[in-house]
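First the structure, in the form of structure tokens, and then the observations on it.
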Amino acid sequence: MLPRSFYAQPTLMVARQLLGMRLARLVETPNGVLSIHGIITETEAYTGKDDLACHARAGRTPRTQVMFGPPGHAYVYFTYGMHWCLNFVTEEDGVAGAALIRAIEPLDSQEWIAARRPGRPPAEWCNGPAKLCQALAIDGALNAHDLCSAQSRLYVESAPPIPDSRVTIGPRVGLNNTPEPWKSIPWRFRVSPPDPSNG
DNA sequence: AGCACGATTAACT
DNA sequence: GTTAATCGTGCTC
């Protein structure tokens with residue numbers, strides 16, 4: 001499991017370095033605890049009070065206080081009246097920041113995930129921030145969850161890093177009403193889709 | 001107390 | 001390409 005010092009880095013570094021690492025989620029089943037894993041393939045950086053796209057722009061509120069707290073905790077928020085999104089709190093204690101997890105590629109537990117994403121093809125199980133929360137049973141109950149404790153049910157495991165040659169960087173998405181320059185600043189990181197001409 | 005809107009998704013034309 | 005779904009949050013009055 002990644003140590004808290006990883007999350008204590010600047011938000012942009014955390015968001016970039018999360019690509020390729022393994023998200024782990026432990027859930028209860030009738031047969032015991034199931035451990036679900038997926039490779040993180042897309043993230044975005046939300047850098048704190050001065051980032052007008054970041055919820056922390058409002059300062060410390062009941063909703064945002066987790067982002068101002070110690071690094072290595074989950075920030076899970078509710079939006080559009082029905083969706084949950086998962087972030088990891090970054091920066092030192094007292095400084096707001098978070099990396100949004102936008103997509104993963106499931107490595108196991110396909111049968112369990114399929115039951116939570118009925119009628120959707122496997123490629124669309126976890127290719128969106130709210131989709132992966134639906135797939136992995138992540139909701140407000142996991143807000144402020146410690147990602148670095150021995151009994152954590154949500155954490156990240158180290159894995160070989162993704163080289164820059166395989167990373168696409170661009171503007172964050174869904175910021176329709178956010179002013180420039182934050183709307184266009186390239187703080188989205190994703191593993192590049194396969195190149196058909198390259199095998 | 002009231003209001004506009006959202007770090008989205010799925011279904012529809 | 002467009003739009004409904006659906007409610008917590010933060011801002012204004």
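Just so it is clear: chains get the letters A, B, ... in the order the sequence lines come, proteins before strands, and each one is counted from 1. Both backbone and side-chain heavy atoms feed into the values below; hydrogens, waters and symmetry mates do not. All of these numbers come straight from a predicted model, not from anything done at the bench.
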Note to self: Nearest 0.5 Å, please: how far is OH in A/Tyr75 from CD in A/Gln65?
What the structure shows: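 Between A/Gln65 CD and A/Tyr75 OH, I get 11.0 Å after rounding to 0.5 Å.
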Check: Quick one: OG1 on A/Thr90 to CE on A/Met13, what's the gap to the nearest 0.5 Å?
Finding: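 If we round to the nearest 0.5 Å, A/Thr90:OG1 and A/Met13:CE are 11.5 Å apart.
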Next item on the list: Measure from the side chain of A/Met82, starting at C-beta and using heavy atoms only, and say which of C/dA5, B/dT8, C/dG10 lies closest.
Entry: C/dA5
Base, sugar-phosphate alone, or nothing: which one does [X] contact when heavy atoms must sit under 4.0 Å apart?
X	answer
A/Thr61	sugar-phosphate
A/Asn177	sugar-phosphate
A/Leu175	sugar-phosphate
A/Ala130	sugar-phosphate
A/Arg63	sugar-phosphate

Item checked: Most 5' of A/Arg117 and A/Tyr75 on DNA chain B, judged by nearest nucleotide ->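 Result: A/Tyr75.
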Return no unless some side-chain N or O of [X] is found under 4.0 Å from OP1 or OP2 of [N].
X	N	answer
A/Arg102	B/dT8	yes
A/Lys131	B/dA10	yes
A/His55	B/dA7	yes

Check: Roughly how far apart, to the nearest Å, are B/dC5 and C/dT3 at atom P?
Finding: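 Those two atoms are separated by 16 Å.
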Item checked: B/dG2 versus C/dT6 - spacing of their P atoms, nearest Å ->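 Pairwise P distance, B/dG2 against C/dT6, rounds to 23 Å.
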Notebook entry, point to check: Parallel under 30°, tilted from 30 to 60°, perpendicular over 60°: which one fits the rings of A/Phe78 and A/Trp84?
Noted result: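 Correct class here is tilted.
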Check: Which base, if any, makes a Watson-Crick or G-U wobble pair with C/dT6, both distances under 3.5 Å?
Finding: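 Here C/dT6 is not engaged in any pair, so there is no nucleotide opposite it.
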Check: Is B/dA7 paired to anything, Watson-Crick or G-U wobble with both distances less than 3.5 Å, and if yes, which nucleotide?
Finding: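 B/dA7 is unpaired by these criteria.
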Margin query: When you measure only distances, ignoring hydrogens and angles, does the side chain of A/Tyr77 come within 3.5 Å of the base of B/dA7 through a donor and an acceptor?
Written below: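 By the distance-only test, yes, there is a pair.
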Item checked: Geometric cation-pi criterion, A/Arg172 with A/Tyr46: 6.0 Å, 45° ->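 Checked: cation-pi criterion met.
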Checklist line | Between A/His73 and A/Tyr7: side-chain donor-acceptor atoms closer than 3.5 Å | finding: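 No, no side-chain donor-acceptor contact under 3.5 Å.
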